[in-house]
Amino acid sequence: MDFSLTEDQRALRAGMRELMERRFPRARLRAVVDAEGGGGAAAGEGAGTGAGAVDRGLWRELGAAGFFALRLPEAAGGVGLGLPEAVLAFEEAGRALLPGPLAATHLAAGLAATGAPVAGVPVAGAAVAGAAEGEAVVTALDTAGAGHGGAVLVEHLASADAVLVLGDGDAGIRTAKEIGSSAEAVRSVDPATPLHRVPGGVAPAAAGERSSGEQGAGAGRGTAARLRREAALLTAAQQLGSAVRTVETAVAHARERVQFGRAIGAFQAVQHLCASMLVRAETARSVVYAAAVTEDPGDIAAAVLLADEAAVRNARDCLQVHGGMGFTWEADVHLHLKRAWVRAEQWQTAAAAEEELAAGLMSTGARCL
Amino acid sequence: MDFSLTEDQRALRAGMRELMERRFPRARLRAVVDAEGGGGAAAGEGAGTGAGAVDRGLWRELGAAGFFALRLPEAAGGVGLGLPEAVLAFEEAGRALLPGPLAATHLAAGLAATGAPVAGVPVAGAAVAGAAEGEAVVTALDTAGAGHGGAVLVEHLASADAVLVLGDGDAGIRTAKEIGSSAEAVRSVDPATPLHRVPGGVAPAAAGERSSGEQGAGAGRGTAARLRREAALLTAAQQLGSAVRTVETAVAHARERVQFGRAIGAFQAVQHLCASMLVRAETARSVVYAAAVTEDPGDIAAAVLLADEAAVRNARDCLQVHGGMGFTWEADVHLHLKRAWVRAEQWQTAAAAEEELAAGLMSTGARCL
Amino acid sequence: MDLSCTEDEEDFRHRLRAWLRRVLPALPPRPDPADWPARRAYDCGWQRMLHDAGYAGLHWPREAGGKGATPTQHLIFLEETERAGAPYVGANFVGLLHAGPTIAAEGTAGQRARWLPPILRGDEVWCQGFSEPEAGSDLAALRTRAVRDGDDYVVSGSKIWTSHAEVADWCELLVRTAPVTPDTPRHRGISWLALPMDAPGVTVRPLRTLAGTAEFAEVFLDEVRVPVANRVGAENDGWRVTMVTLSFERGTAFVGEVVACRRVLESLARTARANGRWDDPVLRRRLGRLAADCTALWRLTQWNVSEAQRTGGVPGVGGSVFKLRFSQVRQELYDAAAEVLGADALDAGREWVVDRLSSLSYTIAAGTSQIQRNIVAERILGLPKGR
Amino acid sequence: MDLSCTEDEEDFRHRLRAWLRRVLPALPPRPDPADWPARRAYDCGWQRMLHDAGYAGLHWPREAGGKGATPTQHLIFLEETERAGAPYVGANFVGLLHAGPTIAAEGTAGQRARWLPPILRGDEVWCQGFSEPEAGSDLAALRTRAVRDGDDYVVSGSKIWTSHAEVADWCELLVRTAPVTPDTPRHRGISWLALPMDAPGVTVRPLRTLAGTAEFAEVFLDEVRVPVANRVGAENDGWRVTMVTLSFERGTAFVGEVVACRRVLESLARTARANGRWDDPVLRRRLGRLAADCTALWRLTQWNVSEAQRTGGVPGVGGSVFKLRFSQVRQELYDAAAEVLGADALDAGREWVVDRLSSLSYTIAAGTSQIQRNIVAERILGLPKGR
């Protein structure tokens with residue numbers, strides 16, 4: 001057993017961090033956020049009308065760096081790595097608050113590579129074929145996330161070429177145009193994540209096309225469930241990155257901000273807030289990484305729970321450490337909090353994760369080592 | 001509106017505190033606790049066999065001071081006061097960690113004074129007739145508290161003369177001997193509160209006797225529900241007293257205990273623990289007092305929730321402030337915690353209180369002033 | 001422990017209700033939140049109506065032009081206006097609740113005559129210039145300097161978190177009139193000035209919050225001349241002058257907000273029932289617990305008001321206990337709202353979503369929860385001074 | 001990120017399992033927890049069996065008579081013994097996990113030869129004399145004095161929280177050999193002595209905890225003579241000598257406890273199913289969340305062990321993160337147990353009820369959570385020194 005990162009994994013992480021810092025520095029994040037109509041959460045519309053649109057240039061660079069093709073076989077033009085490496089890359093994206101439907105495009109790239117009808121997923125033309133290279137932007141519609149009235153929120157729909165639709169058991173690809181025709185823009189709480197509300201009843205495949213479910217119930221069910229789990233884990237990895245980043249931000253502020261004649265980081269109340277943040281982040285890290293290794297549904301549910309909690313609560317504590325400064329639009333703290341809220345609503349809710357883990361307690365243990 | 005205590009209420013509270021300090025000083029509490037077989041929670045049996053027995057002399061003194069007859073009309077030999085005054089007296093008892101079935105005896109005194117069959121409650125001989133004077137010890141059996149297998153825990157059964165039985169709708173008095181015949185002593189977690197487990201199916205009245213329910217469903221139901229609510233509130237008042245006391249204990253320790261060259265109360269971590277304790281106690285105080293005035297079921301449910309929480313969490317924080325010292329048998333902190341656990345299980349659980357309050361949200365508001 | 005109203009109080013409540021029933025339907029439509037001049041006009045119009053009906057300065061002493069009402073009457077006023085959906089105090093907040101009372105307590109007769117009546121009539125709007133970028137929790141660290149030059153002070157510096165600055169006539173300003181030295185503690189050397197907002201050298205820049213709105217502003221002061229006659233209290237005594245009002249509270253500071261909490265909670269319950277989430281016991285019990293918390297906030301308010309009535313005023317420290325609980329409950333309330341909304345909590349067009357963002361300031365503004373706990377620990381519990 | 005075992009590790013695990021299957025059924029019955037001599041005999045008997053089977057001092061260096069196992073092997077050993085229900089290290093805790101490693105690292109050849117083999121064989125039991133009534137979190141405030149008199153130290157003072165004192169042969173004792181002066185920081189002037197527990201002047205008094213048991217003792221020292229030859233390390237260098245071992249950790253400190261957490265949780269779930277409480281989603285989801293927490297504790301352990309293996313050892317500060325989470329989860333686990341039991345949580349005869357009481361020490365013992373957070377803030381996060 002050696003749970004530590006390998007040298008290659010360290011290098012991958014460093015490379016990804018360097019890529020994010022170079023190609024998506026803070027100025028670029030602020031440009032996305034501040035361009036957004038000057039309105040923010042409380043202002044006009046914004047979503048889907050250019051504001052918060054996916055930066056195609058950046059998307060291609062991510063593709064060139066292997067972000068989407070990370071897990072494709074080298075023979076298929078991929079990097080040939082696994083879920084642990086993908087998790088490291090997504091952690092860095094979360095750390096940088098990189099916007100866009102990263103998980104959906106990453107998963108769609110995997111589907112495309114195997115080619116229709118392998119794995120039972122039909123490919124809607126070139127859109128998904130370009131996912132691995134970052135030529136296509138693929139977002140996702142998870143019908144299991146349907147709320148009151150059966151509607152679902154879809155991120156970055158206006159920027160997307162295709163939509164990965166996860167049905168009850170089957171999965172499929174539809175064009176963004178198709179889905180967009182019935183969608184309505186929503187004033188997103190996160191200025192960097194435009195959202196559309198899509199009415200219920202969307203099927204994974206357009207009439208006449210085959211969705212993965214039609215290959216046979218077993219495989220179909222497995223495909224959608226597996227994609228949902230992987231998406232949940234990759235999203236948890238982004239939450240982890242955000243949680244780690246807000247600890248650093250809080251600590252940096254606490255060292256610099258002087259009140260009552262000393263750095264506020266010398267006050268136990270602030271010290272202990274920061275310490276609790278680190279505990280949350282490191283705890284989340286251990287389960288997210290382990291779930292990437294085991295791919296076990298229970299481990300993934302644990303990763304979702306603890307990473308969501310770490311991202312949301314760390315962002316709030318970071319805001320508290322920043323005091324009034326943290327309440328301003330100019331500070332980045334709120335961007336972490338809002339994105340963490342968005343991600344926490346995706347793929348698997350806390351309630352579902354807790355029920356999954358509770359059910360797991362009934363099957364006999366032996367979950368160790 | 002004047003929510004403050006009246007002069008008379010202040011005097012009553014001071015008198016009760018003085019009574020408790022004189023007649024049940026710490027040495028006496030420790031005698032009860034330490035006599036208890038030297039075993040404590042983890043030791044032999046203890047319950048019901050003398051250890052933790054109700055002190056009859058003290059009980060009579062409480063009776064003489066009007067503790068049990070507080071709400072009886074003066075014409076009936078009572079003090080003629082109301083629920084607010086009873087709550088103040090019970091708060092002081094909780095503060096002193098006075099053991100014994102205080103609420104049950106107090107309620108039984110009220111029933112006795114009205115005399116059978118008024119209010120539809122038959123009186124089992126002299127036992128309950130002496131409750132007001134502290135000549136009788138009356139404990140309670142709340143059939144609504146039945147757990148798995150229908151069994152109920154009853155406190156101080158071996159010391160009691162009579163048992164106030166609260167059924168689904170009706171209430172009645174049975175002799176302790178009757179109830180005790182099928183009871184089994186339990187190793188109580190609280191060394192000052194002996195417990196017996198009584199099997200399910202106990203009726204409020206012995207065969208052939210009349211219970212309050214037989215007077216007509218409406219009145220009967222009302223009686224049992226009213227008694228349960230009053231008991232819950234008087235118990236919440238004891239929780240409040242304990243919560244207030246543990247703040248004081250924690251603060252006193254924090255001022256005296258020196259580590260790292262200063263009183264630990266100068267460390268923000270300790271200061272903030274103590275401040276949070278005070279907030280909990282004062283919040284609980286406001287709802288407990290208000291519920292005593294309004295007697296509204298929703299207010300009582302709020303009092304139960306917040307007082308239970310204040311007592312349990314304050315005792316735990318008090319223990320944390322005390323560090324290792326708080327973990328010893330010699331310190332009183334654990335006695336507050338254990339008693340708070342016992343009281344939190346009585347009359348109304350947190351789940352029931354929350355459901356009651358939730359249901360109240362559906363009836364239109366106007367709960368203010 | 002009497003929670004019922006006296007005959008006088010009932011009478012006051014009924015007359016107020018009758019008046020509100022009469023006037024509220026005739027109010028103009030609420031202004032766009034981003035239109036500051038319209039907001040000012042609306043708020044001042046409401047204040048003028050209150051004035052004409054005899055409700056202006058209800059809690060101010062009679063000598064200052066107020067009604068000398070008891071804390072309970074003030075509580076009833078705030079409760080009834082909130083429940084009736086009457087306008088909030090808005091632009092008149094600082095004038096009615098801080099600057100005015102400060103002038104009433106510490107100003108000269110001339111200052112009172114000049115500044116108080118326009119506040120009560122809704123003619124003049126005040127804003128507050130206390131906090132600075134480097135002086136937040138540590139207000140006494142303020143650096144804005146005022147140098148005496150003849151009959152004027154020349155003031156330079158910057159202030160932050162100033163509401164209604166765009167439309168205010170006056171700013172109650174704390175400035176440093178003597179430098180901090182080893183012999184001069186930081187709380188000395190501060191003076192209180194009434195700054196005319198139209199004075200040359202005053203620049204107002206809106207400050208956008210994380211909720212996306214600009215409820216606050218920064219105020220930059222570049223050699224602004226303020227007449228010495230605008231100083232309330234003695235030179236270098238401004239800290240005490242300010243704290244007299246800040247630390248004097250009658251328990252009524254959050255009455256409207258507490259009433260609103262209950263309303264939001266009931267509305268959440270109805271929404272949950274409509275969208276099916278009410279069937280989830282985890283959520284339902286959470287709302288039940290919040291009902292207990294809201295009840296407690298109301299009872300704590302009544303408690304503090306009664307204590308204020310009995311003793312003539314609650315020291316500000318008593319309010320710390322309330323504020324700690326209030327801030328926490330308010331944030332938990334909006335977290336529960338998000339739970340009720342589910343994914344729709346991401347839609348800023350939905351009710352409560354922007355309120356949820358705004359509620360993030362509760363544990364920070366007007367004394368962070370950390371500072372409040374220090375106050376409780378040191379001033380109420382008597383623990384040794386920390387840090 | 002490899003969570004699978006190597007062939008060597010699998011082999012180690014299988015041999016251990018086979019041995020445990022063979023020997024555990026033949027163990028004598030567990031002694032009464034109140035019978036200290038019987039407990040000593042039982043624990044030492046088990047240690048002797050481990051010794052004879054080649055498992056004694058698994059994690060000790062070979063030079064000290066240990067097996068020089070990797071942290072992963074040690075993890076496997078602790079995991080398998082806990083899962084098999086093998087005896088806990090018990091009376092041999094201090095000898096195997098602290099005093100022994102200290103002597104191994106800092107003792108002379110003679111000291112190692114004298115003290116280490118009996119620890120590994122289960123012949124001699126050690127206890128720990130560090131904490132004092134006035135020196136808890138602030139260990140360096142210890143006052144027990146040792147005055148040199150010829151070839152002896154004469155030691156007076158008192159120690160607290162000493163486990164197994166009644167039956168220990170030796171006590172690793174921290175004493176003050178030089179007074180604290182303005183020039184001598186408190187961490188200097190402390191020495192490490194091996195105290196024979198049968199020396200005249202040593203009195204042991206059981207200390208009853210809130211769980212009602214006497215798991216700890218106070219040790220009173222009245223002019224006890226300890227040979228200077230029993231000092232490990234230089235005079236006045238005892239703080240460093242002690243911290244070398246205390247601060248060196250391979251991530252394995254809580255392996256057994258983490259395995260036990262999971263077992264308790266599964267048992268809670270079964271009990272809840274049996275008594276019907278499983279149908280309450282509030283409880284069920286709470287247990288689900290605890291499952292995530294238990295998983296996290298196990299993964300954090302694997303993480304720390306792997307880091308220790310990679311770097312040669314985890315500094316103690318890394319353990320602070322783990323301990324903070326562990327203490328909290330452990331207490332929440334027993335609160336959930338009370339929820340499962342309902343009113344039966346008041347019956348100390350029921351499973352988990354006394355464990356719940358014991359768990360109250362988790363946030364206090366071996367560094368309170370407050371101290372741990374200080375360590376995390378200052379030593380890991382690099383925040384300025386507080387207080």
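These numbers were taken from a predicted model, which means no experiment stands behind them. Chain letters run A, B, ... following the sequence lines, proteins first, then strands; residues in each count from 1.
When heavy atoms are compared at a cutoff of 4.5 Å, A:I264 does not approach chain C at all. For C:R186, the part sitting under 4.5 Å from any heavy atom of chain A is the side chain, from C-beta outward, and nothing else. Only the side chain of A:E345 comes within contact range of chain C, judged by heavy atoms closer than 4.5 Å. Using a 4.5 Å cut-off between heavy atoms, C:A140 does not touch chain A at all. With a 4.5 Å cut-off on non-hydrogen atoms, C:L346 touches chain A through its backbone and its side chain both.
Between chain A and the residues C:A141, C:P133, C:S369, the largest count of heavy-atom pairs under 4.5 Å involves C:P133. For the set A:Q346, A:R197, A:H322, A:M325, the count of heavy-atom pairs under 4.5 angstrom toward chain C peaks at A:R197.
Below 30°, between 30° and 60°, or above 60°: for A:F327 and C:W161 the angle between ring planes is between 30° and 60°, a tilted geometry.
A salt bridge links C:E215 with C:R39: the closest approach of a Lys/Arg side-chain nitrogen to an acidic carboxylate oxygen falls below 4.0 angstrom.
Side-chain N or O atoms of C:R176 include none that pairs as donor or acceptor with a backbone N or O of C:R145 at under 3.5 Å. Between the A:H334 side chain and the A:W329 main chain, a donor and an acceptor come within less than 3.5 Å of each other. The closest donor-acceptor contact from the side chain of C:N275 to the backbone of C:V340 lies under 3.5 Å.
For a heavy-atom cut-off of 4.5 Å, chain A lies close to C:Q331, C:D335 in residues 326-339 of chain C.
Remark: the C:T144 side chain and the C:E132 side chain contain an N/O donor-acceptor pair separated by less than 3.5 Å.
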